[in-house]
Amino acid sequence: MIQVQNIVQSYGRDKEILKDVSLTVREHEITALIGANGAGKSTLLSVMTNLVPAQSGQVLLHGQDIRNIKSNELAKHIAFLKQSQQLAIRITVNDLVEFGRFPHCGGKLGDEDKRKVAEALDYLNMGDMAEKYLDKISGGQRQRAFIAMILAQDTPYIFLDEPLNNLDIRYSVEMMKNVQRLVSALGKTVIVVLHDINFASAYAHHIVAMRDGKIAKEGPPCEVVTAQVLDPVFEHKFHIIDHDGKQVSLYYDHDEASACKFCG
Amino acid sequence: MTKRFFARQWKRMIIMSLFILLVVLSLEIGSMSDIGMMAAIRGDENARLVFVHSRLPRTIAVVLAAAGLSVAGLLMQAVSRNKFMSSTTAGTIDAAALGSLLPFIFFGQQSGWVQTLFAFVFALLSTLLFTAVINRLKIREVVYIPLLGMMYGGLILALSTALSFRFAEVGAMEFLQQIYLGSFARLGDFRFVWIVSIPLVLAVVFATKFSIIGLGADFAKNLGLNYNRVVMLALVIVALISASTFVAVGPLPFIGLIIPNMATSFYGDNLKKSIVDLMLFGAVFVLLCDIVSRLVMFPFEMNVSVTISVVGGVVFMMYLLRGMYGGKLRRRKATVA
């Protein structure tokens with residue numbers, strides 16, 4: 001269980017990025033963090049994974065402050081993937097996924113590790129691509145390779161920071177479906193920063209909307225994806241429509257958007 | 001997977017055979033043509049002496065220095081996440097030179113060990129300073145960093161030169177000139193090139209960690225790695241290799257830059273799998289250059305750094321142009337899409 005308690009985080013003298021944030025992560029669900037640029041989503045994710053240690057307040061993993069957990073031990077519980085990785089070295093998909101076993105084996109792969117790597121590759125349908133170099137495959141496949149690595153890392157908690165960046169619609173949907181499978185079939189707990197509200201609405205079980213370093217509202221999609229909540233969060237006028245029981249937000253200016261010239 | 005496995009084995013076999021062939025050649029070539037390995041083995045006392053005291057140490061020095069500089073280059077590239085970093089293009093060599101010059105000026109001619117120690121300290125401090133500045137500057141264009149590094153190295157060289165002028169009366173100018181000539185024909189012994197084997201072993205032991213830091217700080221932290229400590233370890237290894245090879249054989253320009261780039265295009269960057277191939281690759285390259293330098297005006301020999309500069313310079317230019325042109329090409333594509 002991950003509990004975030006009264007986190008205050010600031011850069012420089014007085015620029016507060018997070019102002020007293022408290023949150024209990026819901027187990028075996030997808031939690032989406034949404035909010036405008038600079039609302040503190042990525043900072044919150046960094047603090048929750050101890051990438052940036054909390055300045056004030058604490059993050060508890062099963063009741064223990066994560067700042068006091070050895071980094072190697074923490075890496076067996078929490079996996080974290082930052083927004084799309086820019087690669088400077090040439091490695092294969094298989095090499096990458098094997099790195100995921102590092103916290104468990106320190107680079108010396110045993111039978112158990114090899115099995116986990118093969119499973120992860122299989123699970124994301126990357127078996128036949130295992131020996132391909134990462135710079136030779138498409139952006140969507142690369143993102144999938146990174147998810148396979150996280151899966152091989154075999155942690156109950158997975159944090160993803162804008163995993164849909166630079167992915168086209170097909171790969172974005174595929175990505176979210178994979179994330180959904182991690183939760184439904186493998187019982188993982190996923191916390192994901194998403195820019196697209198509609199993806200959050202369609203795939204997340206729980207949405208946390210952030211504004212100015214605070215949690216503005218959290219709840220199931222039907223409670224958060226409403227004009228009443230979203231308008232102040234994004235300082236923008238939203239129009240929400242109901243489509244097969246899912247809320248879809250339209251965010252272009254409704255009055256000014258002109259109809260198609262040809263069909264009236 | 002098995003197909004790939006055999007492909008890798010084939011590549012390794014080829015580089016291995018080349019390596020052994022060149023080692024034998026390197027041992028056989030010398031101004032006294034009747035002294036070869038066979039003569040030494042047969043028990044010709046004269047041949048044995050030349051072989052044990054000249055030919056063998058020289059070949060070992062070539063192999064160790066080449067393997068070391070290749071590994072040092074790759075580590076620097078992993079740490080900086082820039083394919084153009086190396087001890088030549090980050091001022092490390094020039095700092096090592098300054099480090100060997102200072103004890104000479106103030107305490108007179110020193111043993112190789114003292115020189116290596118000073119060269120190591122200066123190389124390490126300089127590399128730390130340079131990487132810190134580079135990280136602070138956040139330069140996007142990767143090709144600017146080697147250019148900046150060369151300027152930085154030039155500054156250190158200028159400082160060394162100024163110092164050597166100031167202390168010309170103790171022979172500092174001749175000393176500086178002499179240490180800047182890369183050569184495997186130095187009169188001194190190659191004993192301290194053995195130091196290179198220590199960081200080489202360390203590099204093999206920590207290979208996976210170095211590959212992981214090559215994927216970035218956040219990536220490394222996610223896997224529970226102490227990023228700063230591993231970077232520090234890598235830089236210590238780099239400085240140790242640069243300093244000891246510099247004192248033993250002088251600067252061998254471009255090796256740390258072009259060998260990792262060429263080798264990783266064949267073997268990839270997963271150090272655990274490719275570090276031995278990388279070392280062999282570097283050794284083959286320098287052995288070739290060394291043999292060429294010894295043959296072009298036989299029985300005299302050219303400085304090996306001249307040959308390496310000529311060949312390495314051309315290869316470096318190719319990579320530089322490709323880096324610039326390739327970068328532009330990619331950017332143009334991105335704007336179209």
Side-chain angles (χ1 to χ4, degrees), chain A residues 42 45-46 49-53 69-83 85-96 98-109 118 121 127-128 130-136 139 146 149-150 152-153 155 158-159 161 166 168, chain B residues 1-8 74-85 140 142 145 204-230 260-274 278 326 330 334 337:
Chain A
S42 290
L45 224 60
S46 299
T49 51
N50 208 32
L51 206 62
V52 177
I69 301 175
K70 271 192 172 168
S71 57
N72 187 51
E73 199 50 40
L74 192 64
K76 292 178 191 167
H77 291 96
I78 291 178
F80 178 68
L81 195 57
K82 266 230 151 173
Q83 33 193 298
Q85 313 275 338
Q86 175 213 358
L87 284 168
I89 70 172
R90 248 169 77 83
I91 53 170
T92 62
V93 172
N94 192 60
D95 293 338
L96 180 75
E98 284 184 358
F99 286 159
R101 295 304 297 168
F102 187 82
H104 302 271
C105 68
K108 236 181 142 63
L109 277 84
L121 284 167
D128 49 343
E131 295 299 319
K132 287 225 164 79
Y133 281 103
L134 287 177
D135 54 349
K136 292 276 188 286
F146 275 100
M149 185 207 94
I150 293 284
Q153 197 177 338
T155 59
I158 296 174
F159 289 75
D161 192 358
N166 302 320
D168 64 19
Chain B
M1 164 136 187
T2 42
K3 214 174 105 194
R4 286 276 176 164
F5 179 77
F6 283 119
R8 183 178 278 280
L74 192 70
L75 290 188
M76 276 182 105
Q77 289 160 23
V79 168
S80 62
R81 306 183 72 196
N82 184 332
K83 282 282 178 199
F84 291 106
M85 280 287 269
R140 290 271 166 82
V142 284
I145 291 174
V204 173
V205 171
F206 295 108
T208 304
K209 289 190 180 180
F210 294 140
S211 290
I212 289 175
I213 57 168
L215 283 155
D218 292 342
F219 186 88
K221 282 180 188 163
N222 169 48
L223 293 177
L225 220 62
N226 189 329
Y227 181 75
N228 291 332
R229 201 185 296 164
V230 179
N261 275 296
M262 292 204 284
T264 54
S265 60
F266 290 125
Y267 303 108
D269 264 326
N270 190 349
L271 273 179
K272 204 178 86 184
K273 291 183 194 161
S274 64
L278 173 76
R330 235 172 287 133

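Numbers restart at 1 for each chain; the letters A, B, ... are given by sequence-line order, proteins then strands.
By number of non-hydrogen pairs under 4.5 angstrom with chain B, the leading residue of A/Leu51, A/Thr49, A/Ile150 is A/Leu51. Per-residue heavy-atom pair counts under 4.5 Å with chain B were compared for A/Ser46, A/Pro103, A/Gly100, and the maximum is reached by A/Pro103. Listed options B/Leu225, B/Ile212, B/Asn226 were ranked by heavy-atom pairs under 4.5 angstrom with chain A; first place goes to B/Ile212. When each of A/Asp95, A/Asn72, A/Ile78 is checked for heavy-atom pairs under 4.5 Å with chain B, A/Asp95 comes out on top.
At a threshold of 4.5 Å between non-hydrogen side-chain atoms, the residues B/Gln77 and B/Thr264 do not count as touching.
Taking the charged nitrogens against the carboxylate oxygens, A/Glu98 and A/Arg101 have no contact shorter than 4.0 Å, which rules out a salt bridge. Look at B/Asp218 and A/Lys82 and you find a salt bridge, because one of the NZ, NE, NH1 or NH2 atoms lies within 4.0 Å of a carboxylate O, short of that distance.
A pairwise comparison of heavy atoms in B/Tyr227 and B/Ala220 identifies CD1-CB, 3.9 Å as the closest pair.
Residue contact with chain A, scored on non-hydrogen atoms closer than 4.5 Å, involves the backbone and the side chain of B/Ser211 alike. Contact of A/Ala130 with chain B is not made at all, since no heavy-atom distance falls under 4.5 Å.
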Item to complete: Quick one: do A/Met149 and B/Asn222 satisfy side chain to side chain contact (heavy atoms under 4.5 Å, CB included)? Show the steps, please.
Response: CA-CA 11 Å; A/Met149 185 207 94; B/Asn222 169 48; 3.7 Å; yes
